[in-house]
Amino acid sequence: MDLFERQRQENLAAAAPLPVRMRPRNLDEFLGQEHFLGEGKLLRRMLLSDRLASAIFYGPPGSGKTTLARIIASATKAAFQQVNAAIVGVKDIRTILAQARSRLADDRQKTVLFVDELHRFNRSQQDVLLDDVENGIVTLLGATTENPFFAVNSPLMSRSQIFQFKPLADHHIVQLLRSAVADEQRGFGQLKIELTDEAAQHLATAADGDCRRALTALEVAVRSQLPADSEKLTDQRMTIDLSVAADSIQRKTLAYDSGDNHYDCASALIKSIRGSDPDAAVYWLARMLESGEDPRFIARRLVICAAEDIGNASPQGLILAQAAADATAFIGLPECQLPLSQAAIFLACAPKSNASALAIWDACKDVREGKTIPVPPHIADAHYKGAQRLGAGTDYKYAHDAPDGLVAGQNMGIDKTYYNPTDRGFEAKLAEYLLKARQIHASDNKIS
């Protein structure tokens with residue numbers, strides 16, 4: 001490298017944003033992911049022995065997937081090639097695979113291929129990698145923020161280890177922020193910066209596990225306090241307190257997508273309601289709303305929950321849930337969060353019963369799989385032409401003519417129980433009434 005090339009590299013490095021400059025350079029500097037990178041853990045053992053197998057790094061933004069790939073690139077004896085799936089095509093991949101094949105055949109040197117944003121490859125593009133990954137021509141490292149069980153095809157998954165990255169803990173992010181403030185080469189060590197504990201904690205919390213976001217906010221906080229005509233960092237003092245930190249990071253960004261987060265939060269909302277926990281239900285409702293979830297989807301889930309999990313133990317639940325759904329469609333955001341919250345809290349606090357849900361599920365199963373039961377003549381329609389001559393309506397007993405509104409007789413043709421009410425809420429009253437009705441039905445063993 002000549003003097004001019006060195007200067008060009010230094011200029012490019014100086015222009016890089018703080019998160020890029022502060023990337024960990026080795027495993028000792030890497031923070032987080034102790035579940036597979038801690039001492040003695042699988043991936044660390046593979047890296048230290050330079051025996052890396054094909055792997056997929058899956059996790060949220062800013063959790064270290066690309067950074068770890070760069071550390072691997074600097075440590076492995078294999079040739080390392082990096083591509084971004086968003087900007088390369090099948091032709092580019094075929095060229096890289098051909099080069100890897102030649103490299104292995106001529107020099108016995110392996111190739112590690114890192115594909116960032118692997119989920120952006122469609123199925124046919126992923127298939128191009130299969131043979132060479134299976135035959136050991138390349139070791140594949142794929143990074144993705146999408147669930148690989150949905151985003152990556154099964155043959156490629158079966159050839160790879162899955163390492164799930166977790167959001168960085170607050171103390172990890174605070175440690176990174178402190179390092180950036182102190183580092184004279186890559187960070188802001190030339191300045192006399194005081195980063196208060198409250199400011200550091202606020203940045204870590206608002207970053208929500210994304211170290212890139214926290215470091216970007218720190219850079220905004222620092223550079224916004226430098227003189228306008230300052231091209232280089234000068235030896236001056238500044239304080240980054242809570243107000244400066246809050247102003248620098250603005251609104252917290254929530255990790256939420258149409259895949260895992262969407263279904264996980266919906267599941268958490270319904271299970272919190274089912275578990276009679278209104279506080280958790282409101283939190284998950286807020287999480288979904290603040291993340292941009294369609295409120296109509298939430299409303300539909302509440303209506304289903306009211307029928308499935310509350311049922312006749314609190315019949316008002318379905319009415320309130322449907323009213324919340326209608327109100328959501330009528331008024332929209334942000335006001336619809338009020339009826340949605342009211343409905344979620346009511347359902348969580350209401351007595352629970354899934355007896356009506358079990359009844360229809362069991363009945364549908366019998367209809368699908370069992371012998372079809374003909375309509376008993378006494379309850380068949382007797383109004384069409386010739387119906388009475390065929391026996392329809394014969395010996396039908398009008399329930400309202402009975403003193404208590406109950407008459408004997410089977411209405412299905414067989415003895416079968418689908419609805420088993422609980423003793424909770426209003427359903428306890430239904431159970432009491434139903435017991436009497438079934439006793440009267442059973443008193444007539446023939447089809448009336």
Side-chain angles (χ1 to χ4, degrees), residues 1-34 37 44 47-48 57 61-77 80 82 84 114 116 143 165 167-204 206-207 209-241 244-245 248-249:
M1 180 183 297
D2 60 30
L3 179 62
F4 296 105
E5 179 62 22
R6 186 187 303 275
Q7 185 61 51
R8 284 194 292 269
Q9 293 296 330
E10 291 177 356
N11 291 340
L12 289 173
L18 182 62
V20 174
R21 302 199 308 273
M22 291 301 299
R23 283 189 190 276
R25 294 162 292 191
N26 51 57
L27 286 179
D28 292 334
E29 293 182 359
F30 192 91
L31 298 178
Q33 317 313 329
E34 291 88 350
L37 269 181
R44 179 177 284 268
L47 296 180
L48 292 178
F57 295 165
S63 55
K65 301 183 297 297
T66 303
T67 295
L68 183 56
R70 288 175 178 269
I71 292 174
I72 293 172
S74 64
T76 184
K77 297 177 182 177
F80 189 92
Q82 177 177 347
N84 189 302
F114 175 57
D116 205 1
F165 284 60
L168 267 65
D170 283 3
H171 69 272
H172 287 145
I173 295 181
V174 169
Q175 184 176 341
L176 284 171
L177 293 171
R178 297 289 183 196
S179 297
V181 168
D183 194 308
E184 294 186 1
Q185 298 298 321
R186 299 181 296 158
F188 298 118
Q190 305 98 321
L191 297 173
K192 300 297 186 291
I193 297 177
E194 179 188 358
L195 176 65
T196 67
D197 292 341
E198 294 82 2
Q201 185 58 52
H202 178 80
L203 292 176
D210 186 339
C211 64
R212 185 185 299 113
R213 179 168 165 76
L215 289 170
T216 298
L218 175 63
E219 187 167 34
V220 170
V222 171
R223 296 197 179 278
S224 65
Q225 298 186 73
L226 290 175
D229 58 350
S230 175
E231 295 184 0
K232 295 184 178 180
L233 298 179
T234 57
D235 188 12
Q236 57 181 291
R237 296 181 179 276
M238 69 173 65
T239 298
I240 300 176
D241 57 18
V244 174
S248 299
I249 201 166

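It should be emphasised that the depicted structure is a prediction, and the values quoted were computed from it without experimental measurement.
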Undergrad: Could you tell me if the side chain of Leu68 sits less than 4.5 Å from the side chain of Leu47, heavy atoms only?
TA: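 In contact.
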Undergrad: Quick one: salt bridge (Lys or Arg N to Asp or Glu O under 4.0 Å) pairs with a partner in residues 61-73, sequence neighbours left out?
TA: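 Qualifying pairs: none.
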Undergrad: Taking all non-hydrogen atoms of both residues, which atom of Leu176 and which atom of Cys211 are closest, and how far apart?
TA: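 Here Leu176 and Cys211 meet closest at CD1-CB, 3.6 Å.
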Undergrad: Only counting residues at least two apart or in another chain, list the ones meeting salt bridge (Lys or Arg N to Asp or Glu O under 4.0 Å) with Arg23.
TA: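 Arg23: no salt bridge (Lys or Arg N to Asp or Glu O under 4.0 Å) contacts found.
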Undergrad: So, using side-chain hydrogen bond (donor to acceptor under 3.5 Å, both in side chains) as the criterion, who are the partners of Glu198 when residues are at least two apart?
TA: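 Checked Glu198 against side-chain hydrogen bond (donor to acceptor under 3.5 Å, both in side chains); zero matches.
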Undergrad: Check whether any side-chain N or O of Arg213 sits under 3.5 Å from a backbone N or O of Ala207 as a donor-acceptor pair, and report yes or no.
TA: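 Looks like no, no N/O pair under 3.5 Å.
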Undergrad: Among all residues two or more places apart in sequence or in another chain, which pass the side-chain contact (heavy atoms from CB on, under 4.5 Å) test with Ala221?
TA: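 Expected list: Ile240, Val244, Ser248.
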Undergrad: Can you name the residues that form a side-chain hydrogen bond (donor to acceptor under 3.5 Å, both in side chains) with Asp197, not counting sequence neighbours?
TA: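 Partners of Asp197 under the side-chain hydrogen bond (donor to acceptor under 3.5 Å, both in side chains) test: Arg178.
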Undergrad: For Ile193 and Val222: C-alpha separation, side-chain torsions, deciding distance, then whether side-chain contact (heavy atoms from CB on, under 4.5 Å) applies.
TA: CA-CA 8 Å; Ile193 297 177; Val222 171; 3.7 Å; yes
Undergrad: Identify, with sequence neighbours excluded, every residue that meets side-chain hydrogen bond (donor to acceptor under 3.5 Å, both in side chains) alongside Gln201.
TA: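 Residues passing side-chain hydrogen bond (donor to acceptor under 3.5 Å, both in side chains) with Gln201: Asp170, Thr205.
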Undergrad: Gln33 vs Ser63, test: side-chain contact (heavy atoms from CB on, under 4.5 Å). Steps then yes/no.
TA: CA-CA 8 Å; Gln33 317 313 329; Ser63 55; 4.0 Å; yes
Undergrad: Going by the rule side-chain contact (heavy atoms from CB on, under 4.5 Å), which residues pair with Asp183 if we only count those two or more places apart in sequence or in a different chain?
TA: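 Residues passing side-chain contact (heavy atoms from CB on, under 4.5 Å) with Asp183: Met22, Gln185, Arg186.
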Undergrad: Using side-chain contact (heavy atoms from CB on, under 4.5 Å) as the criterion, list what pairs up with Pro19, not counting sequence neighbours.
TA: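 With neighbours one apart ignored, the set is Pro17, Arg212, Leu215, Thr216, Glu219.
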Undergrad: Measuring from atom CG of Leu218 to atom CD1 of Ile173, what distance do you get when rounded to the nearest 0.5 angstrom?
TA: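 Output value for this atom pair is 12.0 Å.
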Undergrad: Check side-chain hydrogen bond (donor to acceptor under 3.5 Å, both in side chains) between His172 and all other residues, then give those that pass, not counting sequence neighbours.
TA: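 Only Glu34 meet the side-chain hydrogen bond (donor to acceptor under 3.5 Å, both in side chains) criterion with His172.
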Undergrad: Keeping Gln190 on the side-chain end and Glu184 on the backbone end, is there a donor-acceptor pair under 3.5 Å?
TA: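 The answer is yes, because a donor-acceptor pair under 3.5 Å joins these two groups.
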Undergrad: To the nearest 0.5 Å, how far apart are CG in Asp241 and CG in Leu195?
TA: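 That separation rounds to 9.5 Å.
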Undergrad: Students often mix this up, so state it plainly: with edges at 30° and 60°, are the rings of Phe165 and Phe30 parallel, tilted or perpendicular?
TA: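 Perpendicular: the ring planes of Phe165 and Phe30 meet at over 60°.
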Undergrad: Within this structure, what is the CD-CD1 distance for the pair Gln82 and Ile72, rounded to the nearest 0.5 Å?
TA: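 Atom-to-atom, Gln82:CD and Ile72:CD1 are 11.0 Å apart.
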Undergrad: Looking at every heavy atom in both Ala217 and Leu203, which two are closest together, and how far apart are they?
TA: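 Shortest heavy-atom contact: CB-CD2, 3.8 Å.
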Undergrad: Quick one: side-chain contact (heavy atoms from CB on, under 4.5 Å) partners of Asp116, sequence neighbours excluded?
TA: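 If we apply the side-chain contact (heavy atoms from CB on, under 4.5 Å) test to Asp116, skipping adjacent residues, the hits are Thr66, Asn84, Phe114, Ala143.
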Undergrad: For residues Pro24 and Ile71, report the shortest heavy-atom separation together with the two atoms involved.
TA: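 In this case the closest contact between Pro24 and Ile71 is O-CG1, 3.7 Å.
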Undergrad: For Leu48 versus Leu27, what's the shortest heavy-atom pair and its separation?
TA: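 What the structure gives for the nearest pair is CD2-CD1, 4.3 Å.
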